Amino acid sequence: MAEKPKKIHRFQIGLNVVVQIGLLIFLALMVNYLGFEHYRRWDFSRDQKYALSDKTKRMLDSLKGKLRITVFFSPNTPITNDVQGLLTEYQYAAKGKIDVEQIDPERSFSRAKELFDKYKVVTDESMLVLDYEGRNKTVKASEMAEVDQSGMAMGEGPRVTTFKGEQAISSAIIDLTEGKKNVIGYVLGHKEPPIAEAAPNLMTVERAPASPISVLKTFIENENIKLQELNLFNVDAIPAEMKTIMIVGPQYDFSDREMQLLRDFWNKQGRILLLLDPSAKTPKLDAFLAELGVRVNDDRLMAMVRTGIEEIARVRDVIGRFLPDSAITKRLADVRAPFLGGTCSLTLDSQRVQAGGVQLQPLVQAEKGYWGEVDYNSDDPAKLQFEQNRDHAAPLTIAVSIEKGGSGDERVRVNSSRMVVVSNALFVQDNALTQDQQALDFISGSINWLMSREQMIGIAPKVPKTLTFSLDQTALRNLRWIVLVLMPLVPALIGSAVWWKRRA
């Protein structure tokens, strides 16, 4: 008996097809949505060329309005691809707060002319124009890179030696978002390092000496800050526009009148960055710090380090370790930085703090192995040894923050007096700064904390280093054998093996 044919449920089949197509469309839309809205980016390059710094990301998070960046770059500009890749990272980190428009002035002449007239651009150089809430600023290609043109005479193209795009773009964004520059008074009159270039001597061909802290000055001013000289002998009070002042390595003590100006400034919610030179005698300045609970010890930090199998040497350069408990240094936690030259220890007076309503926070401590030597001027090696009841033992604080009238909660903003004290003033000079710039990050974080710009505290963008190889004669000889013999020999052996196999 023949089987009865099965009934075809056309409606059910059609409904299944419609449901399957709908699910496929839904899955495609969901994958695209997740890909566009919740994607992640990683930079696996050797020098993290396009990875934004911590400070830039925090600055972008604080943007309140929309930032528009117009790119006027011709294709033959050496850093065109670098800038485009960097701006992609800015857009990703800003989470929709940055719009970028690419314009080739040679192809989109009318659009370029329209924007040139709008932004009053009068140069033909490739550039970016940043527009934020009606204010605009240009960043030229020459500010974002150093280009070597020496090979053009030999028919070679320009070579980018250093790309500084993030430094230039982030500095411009800070200028736009904050508007008016912040003014910091740089105290002079006690043989502090000058910040201005010395006037050239017209009678000689010698160049005027540069400021010994020119790198620090440039680094600070890139964050929308202006350093302005301040001589306390010439003023009746610290100017009102100077909410923060810097005192860097005074060699002479302050007069009674100057100390009164400092005390008045402190009592009116003033902010002070003080870098001490332990070799200078400043009893009045030390007494002012003692009133706030910080005692400057008359010692020098040193340690015994092993330099060979049986050789031990005494060192006075201090390796400092940033502590994680402060808003200034928590992003530098466990990073080590050299504090070159003489450094003394600071002792915090907890009883004075409780009585005066002052909050003290250690920022930097010396690494293990250091002690505070009281007999540091002695020439007798026997005396330059740690004595338990005489010298100062670890932990040794070399930087501290002071706040009076503040709140323990970082989310609460109140007017308060703030100060950062460091017992070393040489580590910020040009000849002491290292390529890794931990000292600059620390000073930048201190200044931003003093100015209540906590969102600006972080690791600043690093200047990428050119990868170089130094080969001696033996290495060059080995390289020659590899290039001329080994590299041609490998494919020859492979070819011979293939030929022999086919012949067999």
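The structure displayed is predicted, hence computed values, not measured ones.
Between Gln438 and Phe427 there is no side-chain heavy-atom pair separated by less than 4.5 Å. Within the 4.5 Å cutoff, side-chain heavy atoms of Leu86 are placed close to those of Leu52. At a threshold of 4.5 Å between non-hydrogen side-chain atoms, the residues Thr56 and Ile169 do not count as touching. Looking at Met242 and Val235, their side chains never come closer than 4.5 Å, going by heavy atoms from C-beta outward. Using a 4.5 Å heavy-atom threshold, the side chains of Leu60 and Ile173 count as touching. Counting heavy atoms from C-beta outward, Arg111 and Glu101 have side chains that approach closer than 4.5 Å. The closest side-chain heavy-atom distance from Val129 to Ile69 is not below 4.5 Å. Residues Leu289 and Leu274 meet the side-chain proximity criterion, which asks for heavy atoms closer than 4.5 Å.
Taking CD from Glu89 and CD1 from Ile98, the interatomic distance works out to 11.5 Å, rounded to the nearest 0.5 Å. In this structure, Asn136 CG and Arg68 CZ are separated by 12.5 Å, a value rounded to the nearest 0.5 Å. We find the OG-CD distance between Ser326 and Gln359 to be 11.0 Å, quoted to the nearest 0.5 Å. Atom CG of Leu63 is separated from atom NZ of Lys95 by 12.0 Å, given to the nearest 0.5 angstrom. Atom CG in Asn224 sits 11.0 Å away from atom NZ in Lys180 (nearest 0.5 Å). The distance from the CZ atom of Arg58 to the CE atom of Met456 is 9.5 Å, given to the nearest 0.5 Å.
The residue from Val83, Thr77, Val71, Ile79 that alone fulfils the side chain to side chain contact (heavy atoms under 4.5 Å, CB included) condition with Ser126 is Thr77. When the options Ile447, Leu275, Val187 are evaluated for a side chain to side chain contact (heavy atoms under 4.5 Å, CB included) with Met246, the one that passes is Ile447. Residue Asn222 forms a side chain to side chain contact (heavy atoms under 4.5 Å, CB included) with just one option from Ser444, Ser170, Ser171, and that option is Ser171. Among the candidates Leu176, Asp131, Leu128, the single residue satisfying the side chain to side chain contact (heavy atoms under 4.5 Å, CB included) test with Lys137 is Leu176.
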Going through the distances and angles, do Leu440 and Leu216 end up as a side-chain contact (heavy atoms from CB on, under 4.5 Å)? CA-CA 7 Å; Leu440 292 176; Leu216 175 64; 3.9 Å; yes
Show your working on side-chain contact (heavy atoms from CB on, under 4.5 Å) between Leu360 and Val294 and close with a plain yes or no. CA-CA 8 Å; Leu360 297 182; Val294 178; 4.0 Å; yes
Starting from the C-alpha separation in whole Å, work towards a yes-or-no answer on side-chain contact (heavy atoms from CB on, under 4.5 Å) for Lys181 and Asp175. CA-CA 7 Å; Lys181 282 186 175 295; Asp175 291 351; 4.0 Å; yes
Please report the C-alpha distance between Val364 and Val422 in whole Å, then the side-chain angles of each, then the deciding distance to 0.1 Å, and finally whether the side-chain contact (heavy atoms from CB on, under 4.5 Å) criterion is met. CA-CA 9 Å; Val364 186; Val422 186; over 6 Å; no
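Sorted by first and then second residue, the pairs that involve residues 56-77 and meet ring pair (Phe, Tyr, Trp, His ring centres under 6.0 Å), not counting sequence neighbours, are Phe72-Phe116. Screening residues 239-257 for salt bridge (Lys or Arg N to Asp or Glu O under 4.0 Å) gives Asp236-Arg257, Asp256-Lys284 as the qualifying pairs, with residues at least two apart or on separate chains. Applying the ring pair (Phe, Tyr, Trp, His ring centres under 6.0 Å) definition to pairs two or more places apart or across chains, those involving residues 169-192 are His190-Phe254.
The aromatic rings of Phe442 and Phe339 sit perpendicular, their planes meeting at an angle over 60°, well past the 30° parallel limit.
For the salt bridge (Lys or Arg N to Asp or Glu O under 4.0 Å) test, no residue two or more places apart in sequence or in another chain qualifies with Lys191. Residues passing the salt bridge (Lys or Arg N to Asp or Glu O under 4.0 Å) test with Arg331 are Asp54, sequence neighbours excluded. Partners of Thr329 according to the side chain to side chain donor-acceptor pair (under 3.5 Å) rule, which considers only residues two or more places apart in sequence or in another chain, do not exist here. Residues satisfying the ring pair (Phe, Tyr, Trp, His ring centres under 6.0 Å) test with Tyr132, not counting sequence neighbours, are none. For Thr397, there are no side chain to side chain donor-acceptor pair (under 3.5 Å) partners at least two apart in sequence or on another chain. Residues that satisfy the salt bridge (Lys or Arg N to Asp or Glu O under 4.0 Å) test with Glu178, not counting sequence neighbours, are Arg453. Partners of Lys113 under the side chain to side chain donor-acceptor pair (under 3.5 Å) rule, at least two apart in sequence or in another chain, are Asp117. Looking at residues two or more places apart in sequence or on another chain, you find no ring pair (Phe, Tyr, Trp, His ring centres under 6.0 Å) involving Tyr90.
With Asp430 contributing its side chain and Val215 its backbone, the two residues share a donor-acceptor pair below 3.5 Å. No donor-acceptor pair under 3.5 Å is formed between the side chain of Lys64 and the backbone N or O of Thr177. Side-chain atoms of Ser211 do not come within 3.5 Å of backbone N or O of Ala196 as any donor-acceptor pair. For the pair Arg271 (side chain) and Val420 (backbone), a donor-acceptor distance under 3.5 Å is absent. With Glu258 contributing its side chain and Ser255 its backbone, the two residues share a donor-acceptor pair below 3.5 Å. Gln102 places no side-chain N or O within donor-acceptor distance of the main-chain N or O of Val100, the cut-off being under 3.5 Å.
Using a cutoff of 4.0 Å between basic side-chain nitrogens and carboxylate oxygens, Arg418 and Glu454 are scored as salt-bridged.
Between the side chains of Ser74 and Glu106, no donor-acceptor pair of N or O atoms lies under 3.5 Å.
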Would you mind writing out the side-chain donor-acceptor pairs for residues 259-269 within the sub-3.5 Å range, not counting sequence neighbours?
from: Gln260; atom 1: NE2; to: Asp264; atom 2: OD1; distance (Å): 2.9
from: Arg263; atom 1: NE; to: Glu291; atom 2: OE1; distance (Å): 3.3
from: Arg263; atom 1: NH2; to: Glu291; atom 2: OE2; distance (Å): 2.7
from: Asn267; atom 1: ND2; to: Arg263; atom 2: O; distance (Å): 3.0

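Summarising the geometry of Ala112 relative to Pro105, their closest heavy-atom pair is CB-CA, 4.0 Å, with the distance given to 0.1 Å.
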